[in-house]
Engineer: 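Here it is, the structure in full.
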Amino acid sequence: MHPMRHPLAVTLSVWKALFLREALSRLMAARGTWFWLLCEPVFHATYLMFMFSVIRVRVIGGIDTVVWVMVGLLAFLMFRRTGTQIMNALGANQALFAYRQVRPIDTLLVRGALEGFLMIIVSGVLSLGVALSGHGVVPIDPLRILKALLGLWLLGVGFGCVASVAIALVPELGRIIKLTMMPLFFVSGVMFPLAIVPQPYLAWMLLNPIAHGLEAARSGVAPYYHAVPGLNPDYLYGFALVSCFLGLLLHRRFETRLVAQ
């Protein structure tokens, strides 16, 4: 008889196998996958930089416009890519649920980890490209930036976990959730500094935890960055942890239905 394996050892083995499977599927499914991973942030950044160059804006909030755009865009994509990848994980891995060792939440957490890892690599490559083009990208407080990115990643994990259950139960919600991403792109302050928004509209926009993550990341670039009044990274983390807890709770409640989809 084979000795019984500890449940933790089984879980770690499942996560390792799922991570390798997801990585191969994500990076080797088609030619030029790495190009397309970089293409989206480069396209958006180029468009925003062109827009600001037309209106002759060289500095935003006290820092270089190029750096301001890049940091905000990468921070937003950390949330959006993580959330959307996790949101679609159940449908992509449905066949694996026939194995009793694989639970739906395993596929979501592994996808989230992989996407966070890829976004760190993409961020490093783009930062290097911006630095080689003559813009100063060395942050004054790298830990503050990493803390903001971690908070946005956790928020993406929580959002993806909740959305995955919602879509599994009501598939039509998938289209609605995708449509919300463009408004979030605008109201999170990716394209314009939130500091220029007057009250009471600014208070409403700061209810969005993503905005706090973007501003916190930008404030780690330079000590003289004019961050929006009311910036609170703890609000981002509180929102992210609550959403993660809610997502795990929903998966525990509806696990049988998710497996049987």
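It should be emphasised that the depicted structure is a prediction, and the values quoted were computed from it without experimental measurement.
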Engineer: Determine, stepwise, if the pair Leu214 / Leu152 fulfils side-chain contact (heavy atoms from CB on, under 4.5 Å).
Structural biologist: CA-CA 9 Å; Leu214 267 63; Leu152 289 165; 4.2 Å; yes
Engineer: Taking all non-hydrogen atoms of both residues into account, name the closest pair between Ser164 and Ile86 and its distance.
Structural biologist: CB-O, 4.1 Å
Engineer: Is there a side-chain contact between Leu90 and His251 (heavy atoms, below 4.5 Å)?
Structural biologist: yes
Engineer: Check Leu108 against Ala89 and note the closest heavy-atom contact, atom names and distance.
Structural biologist: CD1-CB, 3.8 Å
Engineer: Take Asp106 and Gln101 through the side-chain hydrogen bond (donor to acceptor under 3.5 Å, both in side chains) test and state the conclusion after the steps.
Structural biologist: CA-CA 9 Å; Asp106 293 328; Gln101 295 92 341; over 6 Å; no
Engineer: Search all heavy atoms of Pro233 against all heavy atoms of Arg144 and return the closest pair with its distance.
Structural biologist: CG-NH2, 4.3 Å
Engineer: Heavy atoms, side chains only, cut-off 4.5 Å: are Asn93 and Arg111 in contact?
Structural biologist: yes
Engineer: Enter the distance from Thr11:OG1 to Arg103:CZ here, rounded to the nearest 0.5 Å.
Structural biologist: 8.0 Å
Engineer: Output yes when a side-chain donor or acceptor of Glu215 lies under 3.5 Å from a complementary backbone atom of Val228, and no otherwise.
Structural biologist: yes
Engineer: Leu128 and Val69: same hydrophobic cluster, using ILVMFWY side-chain contacts below 4.5 Å?
Structural biologist: no
Engineer: Hey, is the main chain of Leu207 close enough, under 3.5 Å, to the side chain of Tyr235 for a donor-acceptor pair?
Structural biologist: yes
Engineer: Just checking Ile140: does its CD1 atom have more than 12 heavy atoms from other residues, nucleotides or ligands closer to it than 6.0 angstrom?
Structural biologist: no
Engineer: Find the distance between SG (Cys161) and CD1 (Ile105) and round it off to the nearest 0.5 Å.
Structural biologist: 4.0 Å
Engineer: Using modelled atom types only, decide if a donor and an acceptor are shared between the side chain of Trp153 and the backbone of Gly112 within a distance under 3.5 Å.
Structural biologist: yes
Engineer: Tell me if a side-chain donor or acceptor on Ser219 pairs with a main-chain N or O of Ala216 at a distance below 3.5 Å.
Structural biologist: yes
Engineer: Which word best sums up how the rings of Phe76 and Phe185 line up, parallel for under 30°, tilted for 30 to 60°, or perpendicular for over 60°?
Structural biologist: perpendicular
Engineer: Mind checking whether Arg81 and Leu118 have side chains closer than 4.5 Å, heavy atoms only?
Structural biologist: no
Engineer: Supply the atom-to-atom distance Asn88 CG to Thr84 OG1, rounded to the nearest 0.5 angstrom.
Structural biologist: 6.5 Å
Engineer: Can you name the nearest heavy-atom pair linking Val110 to Leu18, along with the distance?
Structural biologist: CG1-C, 3.6 Å
Engineer: Tyr237 side chain to Lys147 main-chain N or O, any donor-acceptor pair under 3.5 Å?
Structural biologist: yes
Engineer: Any heavy-atom pair between the side chains of Phe159 and Thr82 that's under 4.5 Å?
Structural biologist: no
Engineer: Same cluster or not: Leu155 versus Val242, using hydrophobic residues (I, L, V, M, F, W, Y) connected whenever any side-chain heavy atoms lie under 4.5 Å apart?
Structural biologist: no
Engineer: For residues Gly72 and Val190, report the shortest heavy-atom separation together with the two atoms involved.
Structural biologist: O-CG2, 4.4 Å
Engineer: Between Met78 and Ile120, is there a side-chain heavy-atom distance shorter than 4.5 Å?
Structural biologist: yes
Engineer: Could you state the interatomic distance from SG (Cys244) to CG (Leu249), rounded to the nearest 0.5 Å?
Structural biologist: 12.5 Å
Engineer: Distance from Leu206 atom CG to Tyr201 atom OH, nearest 0.5 Å?
Structural biologist: 15.0 Å
Engineer: Between Phe79 and Ser188, is any pair of side-chain heavy atoms under 4.5 Å apart?
Structural biologist: no
Engineer: First locate atom CH2 of Trp15, then atom OG1 of Thr107, and finally report the distance between them rounded to the nearest 0.5 Å.
Structural biologist: 11.5 Å
Engineer: Looking only at non-hydrogen atoms, find the nearest pair between Ala217 and Ala75 and report the distance.
Structural biologist: CB-CB, 4.4 Å
Engineer: Decide yes or no for Leu194 and Phe192: does some side-chain heavy atom of the first lie under 4.5 Å from some side-chain heavy atom of the second?
Structural biologist: yes
